[in-house]
Amino acid sequence: MPETLEPHYDHLKTEEKIYRLWEGSGYFSPDKLPSKKTAKPFTVMMPPPNANGSLHIGHAVGITLQDVMARFARMRGKKTLWLPGADHAGFETQVVFDKKLEKEGRNSDALHGRSSDTEGRRSRFTMSREELWKEIWDFTQTNKKVMENQLRKLGASCDWSREKFTLDPDIIKTVYETFERLYKDGLAYRDLRVVNWCPKHRTALSDLEVKYIEREDPLYYIKYGPLTLATVRPETKFGDTALAVNPKDKRYQKYIGKVIEARGILGPLKFKVIADDAIDPKFGTGVVKVTPAHDPLDFEIWQRHKNEISGPKVIIDESGRLTGEVGEFKGLKVSEARQKVSEAMEKIGILEKTDSHYKHQVATCYKCGNILEPLPKPQWFIRMTEKPRQVSSDKRQASGKSLRDLGIDAVKSGKIKIYPKRTEKVYMHWLKNIRDWNISRQIVWGIRIPAWFREISNIKDQRSKIWDLKIYDGRKTFEALKNGKKRVETRAGKPQGAEKDWRSFKIGDVINFSLVEEGTERILSNEVITKEIVSIHHFRTIDELLSKFDVNEIHPYHPTEYRSWWESRPIFKKRIKKYGIWAFELQDVNEKTQEIYVGIAPPSGEGWVQDPDVFDTWFSSGQWPFATLLANKKGDTRHVTRDMRRKSDFEEFYPTDVMATGYDILFFWVARMVMLGLYRTDKVPFKNVYLHGLVRDKDRQKMSKSKGNVVDPLGVAEMYGADALRMALVVGNTPGNDIAISEDKIRGYRNFATKIWNASRFVLMNRPSKMPKIIKLSAEDKKNIAGVIKAKAAVAKYIEKFEFHLAAEKAYHYFWHTFADKIIESYKPRLRGEEFFASGAAMRPSGHGLPQSGESEAESPVNIHARDVNGSQKQKILADQLAAYHTLETILLESLKMLHPFMPFVSEEIYGKLNPGKLLIIEKW
RNA sequence: GGGCAAUUAGCUCAGUGGUAGAGCGACUCGUUUACACCGAGUAGGCCGCUGGUUCGAUCCCAGCAUUGCCCACCA
């Protein structure tokens, strides 16, 4: 029995009912879909929303677009997987939680809860790391639940059975494996660097998390003996270790290499003047103070001049206050110190002048806006521009490309397409200029870095010295030096800037090495190892050497290969015969007194302490596409596919088809996923990237809680219906461009939902109790049916081209202004059977043209009316009415399919009335 | 300092080498049972400016102006 539609569409009741129906059907999961064996998979990864709040309207945009794709793919018969998840969102969540604690009047310092901190800061904090972790964990789990329900309200057709959280053990395991592999490949390294330090949050940030703002500050001109330099940071003068000029600067030639004496606030000072290309002679006076501890550029200058000047002298602590040898300025905040120091300098007459309106860019924390303090900190970095070191035992298909090149080539080759296309340029530009990525965060909430340290004094004495063995080939080495090449050593390192050959080294000399890649001699690291020669030995043969030293054991870089490497090369045998072997016993003079272990599980042995730091969230979310799919292993009975062969999710659904996310995280997330995905799987993580815009309010303002203009998608959905909200978010939303959303617009699409409802209601009202098998359609009927098929094809094409705004608009326009306004209107007379009668008003039927449900044929209006006509005419009328109805129903059905990806609830509800017991969600498109 | 975009109706935005489009808003008319959360209409545009290419430019090219965004270690 055909059902009728209520006069009023109740979206609230319907949406809840329909979602339950869908979820109960299991069709959100590809395992339950009635797709053919040959069906192609279609995979979309949901960008995991941060589990530190509820969904906002921006999420709703992405969710809607993904749902459109997923539903469309499903209707197209594809094995569709849309995998949902949530992100622990390390730093972001900590910041949110920090504010929450503050509001509750609790000590927000607890945030850092680092009871296992190696830096002995425990006393500052009231909560242990574990306690804090537990609280944030509960906090995120609560939020996660809320978000899941919000997703349901939006109609998200994602596979809940495969839902993942970034802190699930299997995800963490994959992340650990990646890190271990990066470490073994020489692409993850720990190094002391000047990092972007936020004094408020007390953590380092990556370059991307730095927000530069323009500021006007005084530029101070300070006299350092005979020289004058310009600086905006006089307070860092206590950390100065040198002065620098450009090597080509004629004015200062005579000072280069000299030590100058200067007056300082705390007494006389001596600085060496060095020459470095990084100095711009045109800025200020062309003289710069070198403060390696508190300026990233100065730190690099120091690294280039390690032999000449001393290194970082820390005078600012983690809270942004002066510390160390700073006299009476100790404990002052940087801003206060700047004022006081400049006054003191003026007093003793070394402040020459002050430009008070110097405009420059200042690095601030993107979250709190506080000025970042560059501080030297040992951190984990990912090397972006170097090739992975070959690991001999590793048979995997290594592309041998740097992470950067993996990212560039994927897009250049077209394996990944980015929409809109112009963002490909932006992406390329960013990658070309990329620098190493700091992945350490000094916070609690996150995936703890699987690295362990222990003091080197804990282990065998012999290992406390790092040995390096050299074959000295006098002639060749000498030539290399004469040619101006600094490289002397071919294998493990090179003395940097040592204008000596090996013969002239003596005990006590300090030399710098950097690691070079075997074979290619590419520099693997800008990590410089400083070593002191503690003894020098000379041997005539390898045997003689081995009688004294166990080379296999003592060589730090390639322990098992050393001897065979040597013996395999006849050239060395010759050289050894001629010159012998020099062995330099080298003592590490860096502060690197720690041994590092990286692995999935803690190392065995005494004294290991795990790194208290956690990964940058993007390091783990950058692995999301494959980590989630790998989590469902082969043979997992929950996901047995329909064909007998069991495929793991990774095999079946990777690479994914589309990544839809906001353009604001192109670098943070998309680029990292590309690089890490290719690095781990040798395949692109997704074939297409669709970047949608950000949602603005009707005045084009960015939404923010402080402005009070945030739109709660759920509130809107409750008022106007999820379908209306979805439509409003899709129409007029072009890739890469921000979208303005207003209540008017949403209301407009609520009206559309009503329109769909009413038009369908009208069609159903005319539904006959039974339809004959054969219906003769008129030319007009055929034309109209062809019309909807054409519209549907156009919509499909738009969706396939990621032109969702056009697809939605087309569907909208067709339904309302073609189907409802024109076709239905023009069919009304036929439904009433009017065409067969003279125009006399008295003869017109008063009711609907076709038998209603519950009415017997004899009582139906058609028959009542048809009493006045003869039998064959009656048959003709009936046949035409049926044809008209059939046409309308066909068009309606096709329209519902066409609308379903965009407005799933109302379309499903009506479809259910037309076809009781069937679901539109898996109806063939 | 580099780069990317935008500039079209009152507003928000689509779009195309040939007659300029939608939604909302405005105005006029219309309540015949699908729908007033409606229908039929109307008005409103040197498609930022200046050149060039072209038979023809809102579209392609160059320059300019304005706006926005992204990137960048000149202290």
Side-chain angles (χ1 to χ4, degrees), chain A residues 4-5 7-9 194 196 207-208 210 212 217 219-220 222 229-234 236 244 246 278-291 294-301 358 360-361 363 374 420 422-430 432-435 663-664 666-667 693-694 696-700 702 720-721 724 727-728 731-734 736-766 803 805-806 809-810 812-813 816-817 820-822 824-825 828 831-832 841 844 846-848 888:
Chain A
T4 51
L5 300 185
H8 176 73
Y9 174 56
V194 170
N196 313 303
D207 292 343
L208 273 178
V210 178
Y212 290 93
D217 282 307
L219 183 65
Y220 301 91
I222 307 167
L229 57 81
T231 180
V232 284
R233 300 206 60 186
T236 63
N246 191 286
I279 311 303
D280 179 359
K282 290 193 283 293
F283 184 87
T285 60
V287 185
V288 155
K289 66 196 198 65
V290 181
T291 321
H294 300 296
D295 186 291
L297 182 63
D298 290 1
F299 186 85
E300 284 172 26
I301 292 177
Y358 171 62
H360 65 143
Q361 302 285 325
R422 63 182 144 85
T423 43
E424 290 187 357
K425 268 187 256 176
V426 182
Y427 169 93
M428 288 293 185
H429 181 260
W430 183 75
K432 275 176 190 151
N433 298 300
I434 199 168
R435 303 168 72 198
Y663 65 77
D664 53 330
L666 174 65
F667 306 141
L694 278 23
R696 309 284 174 132
D697 70 5
K698 62 181 195 311
D699 302 320
R700 295 205 61 70
K702 220 172 193 169
Y720 297 112
M727 248 345 234
V731 177
N733 182 357
T734 47
N737 295 325
D738 291 350
I739 172 178
I741 190 93
S742 65
E743 205 163 329
D744 274 350
K745 189 174 181 185
I746 299 163
R747 197 182 296 127
Y749 291 105
R750 187 270 318 265
N751 295 354
F752 180 49
T754 310
K755 189 76 187 175
I756 297 171
W757 184 259
N758 280 312
S760 307
R761 187 164 151 254
F762 175 77
V763 172
L764 269 166
M765 279 167 77
N766 287 290
E803 293 176 324
H805 62 295
L806 295 178
E809 201 168 316
K810 178 84 195 175
Y812 170 88
H813 207 268
W816 197 322
H817 300 302
D821 287 352
K822 301 220 165 68
I824 290 186
E825 287 307 319
K828 279 180 178 172
L831 288 173
R832 297 192 201 106
R844 292 209 174 138
S846 57
H848 305 294
L888 289 185

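Letters A, B, ... mirror the listed sequences (proteins, then strands); counts begin at 1.
On the P atoms, B:rC61 is 37 Å away from B:rU42, given to the nearest whole Å. Atom C1' of B:rC35 sits at a distance of 42 Å from the matching atom of B:rC46, rounded to the whole Å. The C1' atoms of B:rC71 and B:rG18 are separated by 41 Å, rounded to the nearest whole Å. Taking atom C1' in both B:rU19 and B:rC27, the straight-line distance is 25 Å, to the nearest Å. Rounded to whole Å, the separation between the C1' atoms of B:rG45 and B:rA14 comes to 15 Å. Spacing between B:rU16 and B:rA26 at atom C1', rounded to whole Å, works out to 28 Å. The C1' atoms of B:rU8 and B:rG21 are separated by 10 Å, rounded to the nearest whole Å. Of the P atoms belonging to B:rC4 and B:rA75, the separation is 25 Å, rounded to the nearest Å.
Atom CG in A:L764 sits about 14 Å away from atom P in B:rA34, given to the nearest Å. Between the NE2 atom of A:H817 and the C1' atom of B:rC38 there is a distance of 12 Å, rounded to whole Å. In this structure, A:L5 atom CG and B:rC37 atom P are separated by 19 Å, rounded to whole Å. Computed from coordinates, the A:K828 NZ to B:rA34 C1' distance equals 6 Å when rounded to whole Å. Atom-to-atom, NE2 of A:H429 to P of B:rC4 comes out at 9 Å; the value is rounded to the nearest Å. For the pair A:H360 NE2 and B:rC74 P, the computed distance is 11 Å after rounding to whole Å. Remark: P of B:rA72 and CZ of A:F667 are 8 Å apart, rounded to the nearest angstrom. Whole-Å rounding puts the A:N766 CG to B:rU33 P distance at 15 Å.
Using a 4.0 Å heavy-atom distance criterion, A:D821 is classed as a sugar-phosphate-only contact. Contact annotation for A:S760: no contact, since no heavy-atom pair falls under 4.0 Å across all strands. When heavy atoms are screened at a 4.0 angstrom cut-off, A:D744 is found touching the sugar-phosphate backbone but no base atom. Counting any heavy atom pair closer than 4.0 Å across all strands shown, A:H805 reaches sugar-phosphate atoms only and no base atom. Within 4.0 Å (heavy atoms only), A:L229 reaches no atom of the nucleic acid at all. Among the protein residues, A:A363 comes within range of no part of the nucleic acid, since none of its heavy atoms lies under 4.0 Å from any strand.
The listed nucleotides are B:rA34, B:rA5, B:rA14; the one nearest the side chain of A:A759 is B:rA34. Taking every side-chain heavy atom of A:T754 into account, B:rC35 is the closest of B:rG39, B:rC35, B:rA34. Side chain of A:Y812, nearest nucleotide from B:rG23, B:rG39, B:rA75: B:rG23. Set against B:rC35, B:rC71, B:rC4, the side chain of A:K425 has B:rC4 as its closest nucleotide. Checked against B:rC73, B:rC35, B:rC4, the side chain of A:R422 finds its nearest nucleotide in B:rC4.
Summary of the strand contacts: A:P7 and A:G732 both lie near RNA chain B, and taking for each the nucleotide with the nearest heavy atom, the more 5' one is attributed to A:G732. Looking at which nucleotide of RNA chain B each of A:Y663 and A:R747 is closest to, the 5′-most match is held by A:R747.
In this structure, the side chains of A:D664 and A:L694 come closer than 4.5 Å at one or more pairs of heavy atoms. Here the side chains of A:N196 and A:D207 are in contact, with some heavy-atom distance below 4.5 Å. Between A:D821 and A:K755 there is a side-chain heavy-atom pair separated by less than 4.5 Å. A:T231 is not listed as a side-chain neighbour of A:T291, based on a closest heavy-atom distance of 4.5 Å or more.
Here the side chain of A:N246 pairs a donor or acceptor atom with the backbone of A:I279 at under 3.5 angstrom.
Around the NZ atom of A:K745, the shell of radius 6.0 Å holds more than 12 heavy atoms that belong to other residues, nucleotides or ligands.
Put simply, the side chain of A:R750 and the base of B:rC37 share a donor and an acceptor less than 3.5 Å apart. Judged by distance alone, with hydrogens and angles left aside, A:Q361 brings a side-chain donor or acceptor within reach of the base of B:rA72, the pair sitting under 3.5 Å. Looking at A:K755, its side chain comes within 3.5 Å of the base of B:rC35 through a donor and an acceptor atom. For a distance-only test at 3.5 Å, the side chain of A:E825 fails to qualify as a donor-acceptor partner of the base of B:rA40.
The CD1 atom of A:I746 sits 16.0 Å away from atom CZ of A:F752, with the distance rounded to the nearest 0.5 Å. Note that CZ of A:R233 and CG of A:D298 are 10.5 Å apart. Values are rounded to the nearest 0.5 Å.
Evaluation of the ring-ring contact (aromatic ring centres under 6.0 Å, His included) rule for A:F283 yields A:Y358 as partners, not counting sequence neighbours. Checked against ring-ring contact (aromatic ring centres under 6.0 Å, His included), A:Y9 has the following partners two or more places apart in sequence or in another chain: A:W757.
OP1 or OP2 of B:rG39 has not a single side-chain nitrogen or oxygen of A:K822 nearer than 4.0 Å. Put simply, A:N751 has a side-chain N or O that comes within less than 4.0 Å of OP1 or OP2 on B:rC38. Remark: A:Y358 is in phosphate contact with B:rA75, judged by side-chain N or O atoms under 4.0 Å from OP1 or OP2. Here A:Y749 does not reach the OP1 or OP2 of B:rC37: none of its side-chain N or O atoms lies under 4.0 Å away. The phosphate of B:rG3 has neither OP1 nor OP2 within less than 4.0 Å of any side-chain N or O from A:N433. Checking the phosphate oxygens (OP1, OP2) of B:rA34, no side-chain nitrogen or oxygen of A:H8 falls inside 4.0 Å.
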Strand RNA chain B as a dot-bracket string - pairs counted if Watson-Crick or G-U with both distances under 3.5 Å, | where the partner lies in another strand: (((((((..((((....[..)))).(((((.......))))).....(((((..]....))))))))))))....
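Across A:V731 and A:I739, no two heavy atoms sit closer than the pair O-CD1, 4.4 Å.
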